[in-house]
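In what follows, chains are A, B, ... by sequence order, proteins preceding strands, each numbered from 1. What you are looking at is a predicted structure, and each value in this text was computed from that prediction instead of being measured.
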There are 2 protein chains.
Amino acid sequence: MNRTPRPRPTLEEVAARAGVGRGTASRVINGGEKVSERARQAVEDAIAELGYVPNANARALVTRRTDAVALVIAESEERVFGEPFFAGIIRGIGAALGDAGRQLVLLLAQASERRGALDEYLTRQHVDGVLLLSLHDDDELPDRIRAHGLPVVVGGRANENVTSGFVDVDNVQGAGLAVAHLVDRGRARIATIAGPADMVAGSSRFQGYAAALAAAGREVDERLVERGDFGQESGAAAMRALLDREPAVDAVFCANDLMALGALQTLREAGRQVPEEVAVVGFEDAPVALSAHPPLTTVHQSPEQMGREMVALLLETMTDPEADRPGRMLPTYLVVRDSS
Amino acid sequence: MNRTPRPRPTLEEVAARAGVGRGTASRVINGGEKVSERARQAVEDAIAELGYVPNANARALVTRRTDAVALVIAESEERVFGEPFFAGIIRGIGAALGDAGRQLVLLLAQASERRGALDEYLTRQHVDGVLLLSLHDDDELPDRIRAHGLPVVVGGRANENVTSGFVDVDNVQGAGLAVAHLVDRGRARIATIAGPADMVAGSSRFQGYAAALAAAGREVDERLVERGDFGQESGAAAMRALLDREPAVDAVFCANDLMALGALQTLREAGRQVPEEVAVVGFEDAPVALSAHPPLTTVHQSPEQMGREMVALLLETMTDPEADRPGRMLPTYLVVRDSS
DNA sequence: ATCGGATGTGGGAGCGTTCCCACCGCTCAC
DNA sequence: GTGAGCGGTGGGAACGCTCCCACATCCGAT
């Protein structure tokens, strides 16, 4: 049906039909001030009859804004759709943008060969701002984007010296919480399975571990430190190494839940009781933490709140690009379950 | 630095700098035919010096195309980021669109209250076409979109009588494969744990089950039919019901892998050997199928291919919106592992 | 010489908006 | 009665691009 889709009506046509000028019609559409009730009604009727929809391109051309914000995720589909962290943060972002009357546009920065296309898309005035999610090392994407005058907010810094606005979890504080808890529980030899040193989440959680030990008057014992890659298997391997080297270990703080799961697995295989003989604490409070055996004590972070915070920061930057805004650190808290 | 971000250069400025006309500059940018080497060089230099980037809105305003395609996923973040199916299909779509020089824009149709905003976005000439992913029942979204003259392709029909172009897995054929396999293995009492009757994936897989039994000269025995909701727990419950009612059951075809996992769990608890006493076959070939105990025999479908196919269909529709294009059914094949 | 056809080129028109200014008709104060 | 002020209105200009037509140039064929 309707084989010939007549061209979309323009504002001019709406105005003509309503018997008013183009200006008045425009005013009605844009929350019009100073329009008589009579004119407003006529325009609204005309819009309904014609099925008029404004052309966003024409509008953006003159207003220089699109009311859309891009969320760029620089990870493989596998990771994005694997970690529940992303679901949470996207929910937060979507909700906050919706409240602000803006549309969320999600872009995956998959293969690096496609990076060019992404760049173009962002640069060509399709969106008013960019949220960037990537826990990766030295990505020049944020700088490239900003070079084009687009506001950017990064979620989870890639390295310590980010120049742009960012929102991140306070990793140092969170790790400190976890370790202080283990100290409180009277644990004597508190080990850690740290994350990669070249990721902020890795290095700063280790930093928090060291700080909390220092606060308790202890020192970091290299024999009690192992590193993993945030994967479960690496956690298991690290735990084996720790047990070999230091059988007397009675607690371990893992830089994320997945590695904690691996540690739990190794401990089970080694016949060590958790938490009686060895206490285990994770970081993230991912859903798996709850269903682990035993349920995992872990540092809770809220991806949803992180998303909201990113949006808030971006909106501020958009209204006043000049102000130097500091990054935002989100607090964490400890969820004590049965593994400690 | 650069506190006053001078306005973006326009095409006119590029042309002036290169000492050519606006038309020539435009020609260079758009894969220009009929441009002298000299002019091309001058324009390219000017572009580089000025850091010129075309304004997509201005371009779209006159060309009436944006070279962007939206992928709308009408599911909760939880589901989207839970099922690996989505990761696969998005990879396929992204790759295919990239090959076609188009940008993928992902939109989540989360809370229904936000549906209005989504509608607007799609309608206002931001994208040239829409891919819709939703396995839900009676969604009017596709029709609304099409009413605005936007080409749409739906992935996985919601119901039998879809009017739009769609791409779906051939569920009937796949289920038939699975059941025929069980018949071949000499199974006598082949049960099924079907999906919801109001989803195509549910009803047509059941249909395939019935057809394969008929082909083997058997009839559907209502006592061997249970229904689940595609969740693991529902599969476990259904299996319990089957065992209670018909202890002699020696095979079960599950409408998806997750329910098969649940069934496996129940069988283990009931002390039944798989596959010796009871054979289990799933549908989907999700990653979990491989890591199940025992590894699950299942019907393989390729979400990635489905994504590519959706894009192909959409591109065709975009070049010729008139032609009535039939939906596309993708074939499946059986992956035999240790559970049958 | 003259012409016809490539090959390049410049720039006007127009895409559908918003912005803004000029202007209209009233009312109210003086 | 005059003028200031206000609610309301119409439409020109501009946003930055592509399209297309007119035109200028140069070549080889007649």
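Comparing B:Gly21 and B:Leu61 by the nucleotide of DNA chain C whose heavy atom lies nearest to each, the residue mapping closer to the 5' end is B:Gly21.
Across all strands, A:Ala56 comes closer than 4.0 Å to no nucleic acid atom at all (heavy-atom distances). Across all strands, B:Ala15 comes closer than 4.0 Å to no nucleic acid atom at all (heavy-atom distances). At the heavy-atom level, A:Arg22 lies under 4.0 Å from base atoms of the strands shown.
Salt bridge present: A:Arg328 and A:Glu316 bring a charged side-chain N and a carboxylate O closer than 4.0 Å.
Protein chain B contacts DNA chain C over a range whose 5' and 3' limits, counting nucleotides with an atom under 4.0 angstrom from a non-hydrogen atom, are C:dG8 to C:dG16. Nucleotides of DNA chain D lying under 4.0 Å from heavy atoms of chain A occupy a range whose first and last members, 5' to 3', are D:dG7 to D:dG16.
When the salt bridge (charged side-chain N to carboxylate O under 4.0 Å, His left out) test is applied to B:Asp168, the partners found at least two apart in sequence or on another chain are B:Arg157.
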Run the salt bridge (charged side-chain N to carboxylate O under 4.0 Å, His left out) check on A:Glu12 and A:Arg17 step by step: do they pass? CA-CA 9 Å; A:Glu12 195 101 33; A:Arg17 173 140 194 160; over 6 Å; no
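In this structure, B:Phe81 has its ring center closer than 6.0 angstrom to the ring center of A:Phe81.
With hydrogens and angles ignored, the 3.5 Å screen pairs no side-chain donor or acceptor of B:Thr66 with any backbone N or O of B:Ala60. Judged by distance alone, with hydrogens and angles left aside, the side-chain atoms of A:Thr317 form a donor-acceptor pair with the main-chain N or O of A:Leu313 at under 3.5 Å. Judged by distance alone, the side chain of A:Asn57 and the main-chain N or O of B:Leu61 form no donor-acceptor pair under 3.5 Å.
At least one side-chain heavy atom of B:Asp128 sits less than 4.5 Å from a side-chain heavy atom of B:Asp67.
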